[in-house]
Amino acid sequence: MVEKSFKYVIVGGGVSAGYAAREFEKQGVKPGELAVISKEAVAPYERPALSKAYLFPQGTARLPGFHVCVGSGGERLLPEWYKEKGIELILNTEIVKADLASKSLVSAAGEVFKYQILVIATGSTVIRLTDFGVQGAEAKNILYLREIDDADKLVEAIKAKKNGKAVIVGGGYIGLELSAALRMNDIDVSMVYPEPWCMPRLFTAGIAAFYEGYYANKGVKIIKGTVAVGFTADANGEVKEVKLKDGRVLEADIVVVGVGGRPLTSLFKGQVEEEKGGIKTDEFFKTSVPDVYAVGDVATFPMKLYNEIRRVEHVDHARKSAEHAVKAIKASEQGKTIDAYDYLPFFYSRSFDLSWQFYGDNVGDTVLFGDSDVTSPTHKFGSYWIKDGKVIGAFLESGTPEENKAIAKVARVQPPVDNLDLLTKEGLAFASKI
Ligand code: FDA
Ligand code: NAD
């Protein structure tokens with residue numbers, strides 16, 4: 001039996017693992033002290049590329065182009081980087097058992113990895129339609145997107161079903177980004193989701209109306225208020241039809257499902273405290289078990305700004321939480337402390353020639369400002385969220401870097417407002433003067 005020992009082990013090889021490795025190197029690790037164990041076959045990369053340029057017909061992104069840490073403007077960590085720094089990058093290795101009491105991990109192949117300090121960075125997995133028994137959901141070409149292998153399957157399907165028909169199930173991030181990517185590949189796209197408008201966990205009805213109109217103009221057919229309840233397949237087992245709850249039947253050569261993610265915490269069930277579906281941490285990403293940290297999608301952490309415990313499934317937090325945890329680990333070794341994590345939520349998305357950013361919290365009253373007319377050339381519009389007389393969240397489509405900085409500042413500063421009509425009229429100018 002192979003047994004290896006490391007001072008630090010990062011389990012998971014995604015965004016937060018890559019940013020954690022870079023921070024360990026910055027803070028100083030000796031050769032052989034750090035291992036990154038990933039079930040993926042490639043070194044950590046910027047996952048957001050998979051639903052965007054990886055699928056584009058032109059200007060296509062491929063590895064090694066988008067390894068971390070290019071997403072935040074940093075140096076690209078190629079597989080050689082880990083070698084040069086004496087960091088063991090252990091790929092194609094799924095951990096199937098974790099014993100936090102004896103500080104050991106076991107891989108599917110039976111290797112044992114011992115650690116002194118563990119960083120859990122296992123991210124999320126997709127929720128599958130087969131998880132809730134949707135009839136026929138195991139047919140070929142019903143695809144999901146989380147890892148690069150999934151993206152490769154999508155690329156294959158797009159090639160094989162040239163000018164074919166796709167049904168996108170789900171109206172969230174994956175739904176919106178994949179509808180656009182497939183449409184750009186000249187696929188006939190229909191989107192199906194149960195809610196009255198797309199991306200309801202963030203968008204207001206006003207924001208969603210713009211994107212739905214824009215997508216419709218690009219030829220995406222939107223079917224709201226219903227769900228896929230079954231699929232039929234052809235003689236090869238490939239999906240042919242999507243049956244909807246409202247009785248409609250849609251033809252499909254490809255189905256892409258984006259009905260949400262689930263944090264990968266099962267390895268640690270019963271061994272560590274959990275909350276809100278994730279692994280509970282303090283403001284330094286320390287879990288309830290000594291020497292065990294959790295970062296990225298799996299961490300449920302104190303969000304100081306809102307005095308609440310939350311989990312965040314976005315890349316900016318994956319990067320920042322990883323860096324913060326490593327700084328805290330290194331500081332505690334030197335008997336020092338660092339400031340508590342003080343996170344301002346930041347989400348973004350891009351599709352077609354659109355690009356939005358959101359900062360802060362999306363609760364309270366809202367105002368829509370700017371030009372949200374689908375047919376106008378600028379598309380510069382946004383929204384503020386107002387709670388207890390203060391602006392606490394801001395959304396902006398097609399902002400310049402300066403304008404995006406301004407809305408981030410508004411969400412952080414939380415300036416008071418008393419007249420919402422005036423705020424609507426002022427729009428972006430309100431943020432720019434803060
Ligand atoms: P991440 O999922 O990146 O990495 C987890 C890693 O752990 C994977 O390598 C996995 O294989 C590995 N792993 C899991 N279990 C394991 C085990 N038992 N043994 C070994 N390895 C294991 N966010 C955003 O803000 N803007 C955006 O545009 C996008 N776009 C986007 C597109 C797509 C397609 C996805 C799937 C997600 C996004 N996101 C995003 C979300 C963002 O990518 C996500 O929040 C981060 O990748 C989370 O980083 P983590 O490191 O926590 O998980
Ligand atoms: P999501 O939570 O954004 O959206 C899920 C959507 O699924 C819901 O909005 C709803 O419309 C739909 N839905 C739920 N049940 C359904 C059903 N039975 N039938 C049809 N539709 C149903 O999740 P996602 O889009 O799958 O994204 C997965 C993960 O990837 C999330 O963690 C997300 O944050 C991340 N991601 C983020 C970005 C980004 O930040 N730009 C991009 C891609 C993925």
Side-chain angles (χ1 to χ4, degrees), residues 10-20 36-52 54-55 68 71 90-98 105 107-108 119-127 129 131-132 134 144-151 154 168-178 181 191-195 197-203 223-224 226-229 244-245 256-268 278 294-299 311-319 321-322 345-351 355-358:
I10 301 169
V11 58
V15 173
S16 55
Y19 281 75
V36 177
I37 307 176
S38 176
K39 69 176 161 65
E40 289 191 85
V42 295
Y45 56 87
E46 301 287 357
R47 197 163 305 285
L50 296 184
S51 52
K52 306 175 187 69
Y54 202 82
L55 305 174
V68 294
I90 304 171
L91 301 176
N92 294 306
T93 302
E94 183 176 8
I95 297 300
V96 293
K97 192 169 171 264
L105 307 170
S107 75
V119 180
I120 301 172
T122 42
S124 300
T125 187
V126 293
I127 296 173
L129 294 180
D131 294 346
F132 38 96
V134 176
Y144 297 82
L145 180 58
R146 183 74 210 178
E147 298 190 344
I148 202 155
D149 288 355
D150 305 318
L154 265 162
I168 313 288
V169 179
Y173 285 97
I174 292 284
L176 284 167
E177 292 182 8
L178 268 288
M191 250 181 117
V192 182
Y193 47 86
E195 297 94 347
W197 65 79
C198 63
M199 192 83 85
R201 70 173 165 141
L202 177 63
F203 289 0
I223 301 170
K224 303 192 249 188
T226 189
V227 292
V229 289
L244 304 184
K245 195 172 184 184
V256 181
V257 182
V259 295
R262 180 186 306 126
L264 276 171
T265 59
S266 51
L267 277 175
F268 312 99
V295 295
D297 280 13
V298 294
R311 209 166 57 71
V312 173
E313 293 180 358
H314 293 275
V315 76
D316 178 61
H317 162 71
R319 295 169 180 150
S321 60
F346 165 42
F347 315 148
Y348 72 89
S349 182
R350 289 193 298 271
S351 59
S355 171
W356 60 256
Q357 298 203 355
F358 166 83

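We count ligands from 1, going down the list as the structure has it; atoms in each ligand are counted the same way.
Counting heavy atoms closer than 4.0 Å to ligand 2, residue E313 contributes atoms from both its backbone and its side chain. Contacts between Y348 and ligand 1 below 4.0 angstrom, taking non-hydrogen atoms only, involve backbone and side chain alike. Contact annotation for E313 and ligand 1: only backbone heavy atoms (N, CA, C, O) come within less than 4.0 Å of the ligand. Heavy atoms of F347 found under 4.0 angstrom from ligand 2: none, in either backbone or side chain.
Nearest heavy atom pair, residue A318 against residue V15, reads CB-CG1, 3.8 Å. Residues L267 and A98 share a closest heavy-atom pair of O-CB, 3.9 Å. When all heavy atoms are compared, the tightest approach of S355 to R350 is OG-CG, 3.7 Å. Nearest heavy atoms, A121 versus A17: CB-N, 4.2 Å. Minimum heavy-atom separation, V312 to H317: O-CD2, 3.5 Å. Nearest heavy-atom pair across M191 and G170 is CE-O, 3.8 Å.
Distances from atom 4 (O) of ligand 1 to the heavy atoms of G14, S349, P345 put G14 nearest. The option with the heavy atom closest to atom 24 (P) of ligand 2, from among I174, D316, I127, V256, is I174. Proximity annotation for atom 6 (C) of ligand 1: of G13, A322, A43, G13 comes nearest, heavy atoms only. Proximity annotation for atom 15 (N) of ligand 2: of V192, L244, V312, V259, V259 comes nearest, heavy atoms only.
Considering backbone and side-chain N/O atoms, G260 comes within less than 3.5 Å of an N/O atom of ligand 2. Considering both main-chain and side-chain atoms, R201 comes within under 3.5 Å of ligand 2 through a nitrogen or oxygen pair. Checking only distances, T226 never comes within under 3.5 Å of ligand 2, N or O to N or O. For the pair F347 and ligand 1, the shortest N or O to N or O distance does not fall below 3.5 Å. Annotation: H314 places an N or O atom under 3.5 Å from an N or O atom of ligand 2; distance criterion only. The shortest N or O to N or O distance between V227 and ligand 2 is not below 3.5 Å. Geometrically, ligand 2 and Y173 share a nitrogen or oxygen pair separated by less than 3.5 Å. Ligand 1 has an N or O atom lying under 3.5 Å from an N or O atom of R146, backbone or side chain. For Y348, a nitrogen or oxygen atom sits less than 3.5 Å from a nitrogen or oxygen atom of ligand 2, counting backbone and side chain alike.
Atoms of ligand 1 lying under 4.0 Å from any heavy atom of A121, numbered from 1 in the order shown and given with element: 5 (C), 6 (C), 7 (O). Residue-ligand proximity, E147 to ligand 1, at heavy-atom distances under 4.0 Å covers atoms 8 (C), 10 (C), 11 (O). Residue-ligand proximity, V169 to ligand 2, at heavy-atom distances under 4.0 Å covers atoms 19 (N), 20 (C). Counting atoms of ligand 1 from 1 in the listed order, those under 4.0 Å from a heavy atom of A318 are 48 (C), 49 (O). Each of the following atoms of ligand 1 lies closer than 4.0 Å to a heavy atom of L264: 14 (C), 15 (N). Listed by number with element, the atoms of ligand 2 under 4.0 angstrom from any heavy atom of Y193 are 11 (O). Atoms of ligand 2 found under 4.0 Å from any heavy atom of E177 (numbered from 1 in listed order, with element): 39 (C), 41 (N), 42 (C), 43 (C). Listed by atom number, the atoms of ligand 1 under 4.0 Å from K52 heavy atoms are 27 (C), 28 (O), 29 (C), 30 (N). Atoms of ligand 2 lying under 4.0 Å from any heavy atom of P194, numbered from 1 in the order shown and given with element: 11 (O), 13 (N), 20 (C), 21 (N), 22 (C). Heavy-atom contacts of L267 reach the following atoms of ligand 1: 18 (N) (cutoff under 4.0 Å). Interface of L145 with ligand 1, defined as ligand atoms under 4.0 Å from a residue heavy atom, comprises 34 (C), 36 (C). Of all atoms in ligand 1, listed by their number and element, those nearer than 4.0 Å to a heavy atom of D297 are 44 (C), 45 (O), 46 (C), 48 (C), 52 (O).
Contact between V96 and ligand 1 is absent, with no heavy atom of the residue lying under 4.0 Å from the ligand.
S16 OG, 3.4 Å is the protein heavy atom nearest to atom 50 (P) of ligand 1. The nearest heavy-atom contact from the protein to atom 7 (O) of ligand 1 is G12 CA, 3.1 Å. Of all protein heavy atoms, the one closest to atom 15 (N) of ligand 1 is T122 CG2, 3.6 Å. For atom 4 (O) of ligand 2, the nearest protein heavy atom (residue, atom name, distance) is G172 CA, 3.4 Å. Annotation: atom 29 (C) of ligand 2 to nearest protein heavy atom, R146 NH1, 4.0 Å. Scanning all protein heavy atoms for the shortest distance to atom 47 (O) of ligand 1 gives V15 CG2, 3.4 Å. For atom 38 (C) of ligand 1, the closest non-hydrogen atom on the protein side is P48 CA, 4.4 Å. Scanning the protein heavy atoms around atom 18 (N) of ligand 1, the nearest turns out to be I95 O, 2.9 Å. When only non-hydrogen protein atoms are considered, atom 35 (C) of ligand 1 lies nearest to R47 CG, 3.9 Å. The shortest contact between atom 9 (O) of ligand 1 and any protein heavy atom is with E40 OE2, 2.6 Å.
Looking only at side-chain heavy atoms (C-beta outward), L176 and F203 come within less than 4.5 Å of each other. Side-chain contact check for I174 versus Y144: every heavy-atom pair is 4.5 Å or farther apart.
Within the 3.5 Å criterion, the main-chain N or O of I127 finds no donor-acceptor partner in the side chain of D131. R311 contributes a side-chain N or O that, together with a main-chain N or O of D297, makes up a donor-acceptor pair within less than 3.5 Å. Checking side-chain atoms of E195 against main-chain N and O of P200 turns up no donor-acceptor pair under 3.5 Å.
One distance of note links CG of L264 with OG of S124; it measures 6.5 Å at 0.5 Å rounding.
Side-chain atoms of Y45 and E40 form a donor-acceptor pair, as typed in the model, at a separation below 3.5 Å.
Taking the six-membered ring where tryptophan is involved, the planes of Y173 and W356 are tilted, since the angle between them lies from 30° to 60°.
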